[in-house]
Each structure stands twice: as structure tokens, then as C-alpha cells.
Protein chains: 2
Amino acid sequence: MVTMKATIIAVAVDLFYRKGYFATSISEIARGCGIQKASIYYHYPSKENILYHIHETTLDDLTAHLRRTLSGLSDVEGRMRAAVRSHVRFHLMRQKETFIANSELRGLTPEHYAAVVAKRDTYEGTIQEIIRDGCAQGVFAGQDAKILSYAMLTLCNSGAVWFKPGGRLSVDAIARIYEQFVIQGLKAGGDGSPGSTCEGR
Amino acid sequence: MVTMKATIIAVAVDLFYRKGYFATSISEIARGCGIQKASIYYHYPSKENILYHIHETTLDDLTAHLRRTLSGLSDVEGRMRAAVRSHVRFHLMRQKETFIANSELRGLTPEHYAAVVAKRDTYEGTIQEIIRDGCAQGVFAGQDAKILSYAMLTLCNSGAVWFKPGGRLSVDAIARIYEQFVIQGLKAGGDGSPGSTCEGR
DNA sequence: GTCTATATTTTGATAGAC
DNA sequence: GTCTATCAAAATATAGAC
């Protein structure tokens, strides 16, 4: 049984992904659901609240996915490899939602914006911790854990921009390519630039 | 002497960057220019045309910048290093415009959208050529030039998301970090995954 | 080149019947 | 829980005076 509350989210996700949040109207969402626009407001108090709901559940699921993947892993390179695979897979499998979560922050109220950013910071913190551990152990050679975490995350998001389900490459194949790229990119280079310390702040 | 035509673009760039294209109104642009909204239409026929103009000049300048950087370089690793630095520097120095060029494609008419994508494809083609050359010479070890080019480009765009002029890191420092990351990521890994060929299509 | 005034549409959201 | 009807505000764009 599919509730109208869930249908509205599904239709909104599709429209926000294709047209963007501001370019999508409540009427369009209602049309996609087969109801009148006034009926939307029985389920959600505002258009912004629909967007916030998408952000919240996507981020919660993403965080839970990473936590589950990392549990039990202690080797630092193994943790980073697992983190990349987890992140990439989630972004490819829930392409539309993650695209929205990454690009439609500006539609949120200041309060909701703060809540979303706080959750995102927690997620990024987990990645930065792995990078710092790796640098401390000499496995990675970065100058700045924060910047490297942004680089790693943006890189792993990039598949979601062009990925087409059922296309030439499978989700796992793409995850492996990124895993290889990130691990190599983080590792110490023979011709490393001067000062390969890892302050990380 | 600064023309009103140029002022409108400057104000629009700032607003599109901060609020997004659809969330920005003609009235706001006019207010930022100190004129009435009707006066905007003397200089540009529509809001979409302002957006298109930003896309066009940004892409043209970006392409010219890369061409200038690569001219005279023949060594494949040197070409890739130069391409990364060129791309990163341009994206940091013209942060607002490149952000718009990367995220506001959906506001364009179908015709303008096609024109912009065609130009972007040309730029990406140059990068893919370097990757294919590097793979053919055994300098890089990628499985797919197209995907690796997307990875490289998205990665090099990422600085523009958080960069603040006058902040802790200089433009050149950031360019060096990305250069190192990309070169390492593209190079053959000792534990490389199976089948390190480079089909590239 | 910039103005005032306005036409036309559409928006997000509410009231109240059923 | 969905409907019809409607409000008030704001949007893009145009006409014509100066």
C-alpha cells in the first residue's frame, strides 16, 4: 500500500531532479499525483517542507549506510576503500535524491538549512577522520584533511551526474574505478610536493 | 567606463550565484543596477538571454585559457598537470561565473542549451585526448577516458564550492593539491584492479 | 536610455464544502 | 482526504512618454 504522503515525495523528487526546486510548482507536483494542488497542503504544510523532508531522509539514509559499511573495519586503507564504495553506490542507486541533496540547499529556510548542514558536517567528519588516521599512519600523504575530504566526496558524487541505470557500466564497476582513483590520489607520490604533512584543519 | 550592459551581467552573476537563476527576479537585478526593471529589456531581450550570455562568455574564456596553457607542451604528464592547474585557477578566479556555468543549465532554452553543451563537449574532448594519450603511452592506467575526464573535471571544480578569496589557502596552493591528487589518481597503481586497459569510449 | 504604467500569468497558500 | 473557489503577491514582459 502506497500512501499519498509517499507519492507526493516520489513525484517531487522526480520534478526537483529534472527541473529544479524553484522551477517546480505545487500544481505540477499535484498533477503528477493525480490530485488538486490544495490537497497537497493536507499532507505537507508548504513546498519548502517537502524539500526539507527529502533532504532529511536522504542524509539519514546515507549516514546509516556509511556507518553500517564501516562497522567492524579497522585497517585504515580498507576503511577508505569501503567508504568510497559505500558513498558511490548510494549516490548511484538513489541518484535523484542525492542530486537534490547536493544542489538544492538554497530553497531551505534558515532553520532547516542549519539542520541539514549540521548533518552533512557529521558525515564529512567521519571521512576526515579516516583521512587523518591514514596520514598519521603514513598511508596517505595529504596536506589538508578537510580539502581532501571535499575532493574525495565531490569526486564520488560525480558519477551521479551522468550515470544511467542499465547503461554500459554497472554500479559496482563505477565504484571500483572511483575507489582506485581516490586511493591512488590520497597515497604518497614518489615525486610528492614539498611538505607532505597532514595538519588537517 | 563601465556600460550598463556590463553592470547588468555583473549584478546578475552575483545574484544567480547566491540565490540561483530561478530564485532571482528581473526586479532584483534592476534594483542592484539602480534602474527600473523595464530598463533591463532595453539591454537584453529576456532573463534567459542574460543567463545565456554568462554561459557563453564563461565557456569561451575557459576554453581560451586552456588552449593558451597547453600550447607548446608536448609531454603528456606535463600537459595534464598544466590542464589541472589551468582549470582549477580559472574556476577559483572566476568562481561565481563557473558555478553558474556548472549548475544553471536548466534555465536555458533548448537551442541555447544545445549550444552550451556543444562547447562544453569540445572542452571535455581536449581533456579526454590527454588521458587517452597518457594511457597509450603507459603513463596513466585508466579503464575509461570519458569517465576519468568527468572525474578529473568534477574534482577540479570542487574548490570553487568552498573557496574564499583571501582565505587560508592561495589559488596556487589549491591548484597544486589538485594537481598532485589527479596525477596520482590517474597513474598506474601497484595493486591495480584487473584489466587496466584504456578503451576510452 | 530610462522612466511610469500596465497587461497577463502564475505562484504559494487558505477557506470551507463534501 | 480531496474537492472548488479564491486571495494576495509576484513574476516576465510590453507600450509609450520623455
Are Lys47(B) and Tyr21(B) in a cation-pi setup, meaning NZ or CZ lies under 6.0 angstrom from the ring centre and within 45 degrees of the ring axis?
-> yes
Taking the six-membered ring of Tyr44(A) (Phe, Tyr or Trp), confirm whether the NZ or CZ of Lys5(A) is under 6.0 Å from its centre and within 45° of its axis.
-> yes
Specify the separation, in whole Å, of atom [atom1] of [X] and atom [atom2] of [N].
X: Tyr44(B); N: dT2(C); atom1: OH; atom2: P; value: 12 Å
X: Met4(A); N: dG1(D); atom1: CE; atom2: C1'; value: 9 Å
X: Ile40(A); N: dA15(C); atom1: CD1; atom2: P; value: 18 Å
X: Phe22(B); N: dT11(C); atom1: CZ; atom2: P; value: 12 Å
X: Ile35(A); N: dG1(D); atom1: CD1; atom2: P; value: 11 Å
X: Leu15(A); N: dG12(C); atom1: CG; atom2: C1'; value: 16 Å
X: Lys47(B); N: dT14(D); atom1: NZ; atom2: C1'; value: 18 Å
X: Arg31(A); N: dG12(C); atom1: CZ; atom2: P; value: 11 Å

Look at [X] and [N] and indicate whether a side-chain polar atom (N or O) is within less than 4.0 Å of OP1 or OP2.
X: Ser39(B); N: dC3(C); value: yes
X: Ser25(A); N: dT11(C); value: yes
X: Tyr41(A); N: dA13(C); value: yes
X: Tyr42(A); N: dT2(D); value: no

Between the first and last five pairs of the helix from dG1(C)-dC18(D) to dC18(C)-dG1(D), the angle of the axes, rounded to 10 degrees | 0°
Taking only the side-chain heavy atoms of [X] (C-beta and beyond), determine which of [options] contains the nearest atom.
X: Ser46(B); options: dT2(D), dA5(D), dA13(D); result: dA13(D)
X: Ser27(A); options: dA5(C), dT11(C), dC3(D); result: dT11(C)
X: Gln36(A); options: dG12(C), dT4(C), dT4(D); result: dT4(D)

In sequence, state the C-alpha distance, the side-chain angles, and the governing distance for Tyr150(B) and Glu124(B), and then conclude on side chain to side chain contact (heavy atoms under 4.5 Å, CB included).
-> CA-CA 8 Å; Tyr150(B) 295 154; Glu124(B) 289 176 359; 3.4 Å; yes
Which residue lies toward the 5' end of DNA chain C, Ala38(B) or Glu48(A), if each is placed at its nearest nucleotide?
-> Ala38(B)
Between Lys37(A) and His43(A), who's closer to the 5' end of DNA chain D by nearest nucleotide?
-> His43(A)
Can a salt bridge be assigned to the pair Arg132(B) and Glu129(B) using a cut-off of 4.0 Å between side-chain N and carboxylate O?
-> no
Do Tyr113(A) and His55(A) have ring centroids that are under 6.0 Å from one another?
-> no
With a non-hydrogen cut-off below 4.0 angstrom, is Thr3(B) in contact with a base, only sugar-phosphate, or nothing?
-> nothing
Partner of Thr24(B) under side-chain contact (heavy atoms from CB on, under 4.5 Å), picked from Ile50(B), Val11(B), Leu15(B), Asp14(B), is Leu15(B)
Angle class for the Tyr17(A)/Phe99(A) ring planes (parallel below 30°, perpendicular above 60°, tilted otherwise)?
-> perpendicular
Quick one: do Arg89(A) and Asp172(A) satisfy salt bridge (charged side-chain N to carboxylate O under 4.0 Å, His left out)? Show the steps, please.
-> CA-CA 7 Å; Arg89(A) 280 199 190 116; Asp172(A) 282 342; 2.7 Å; yes
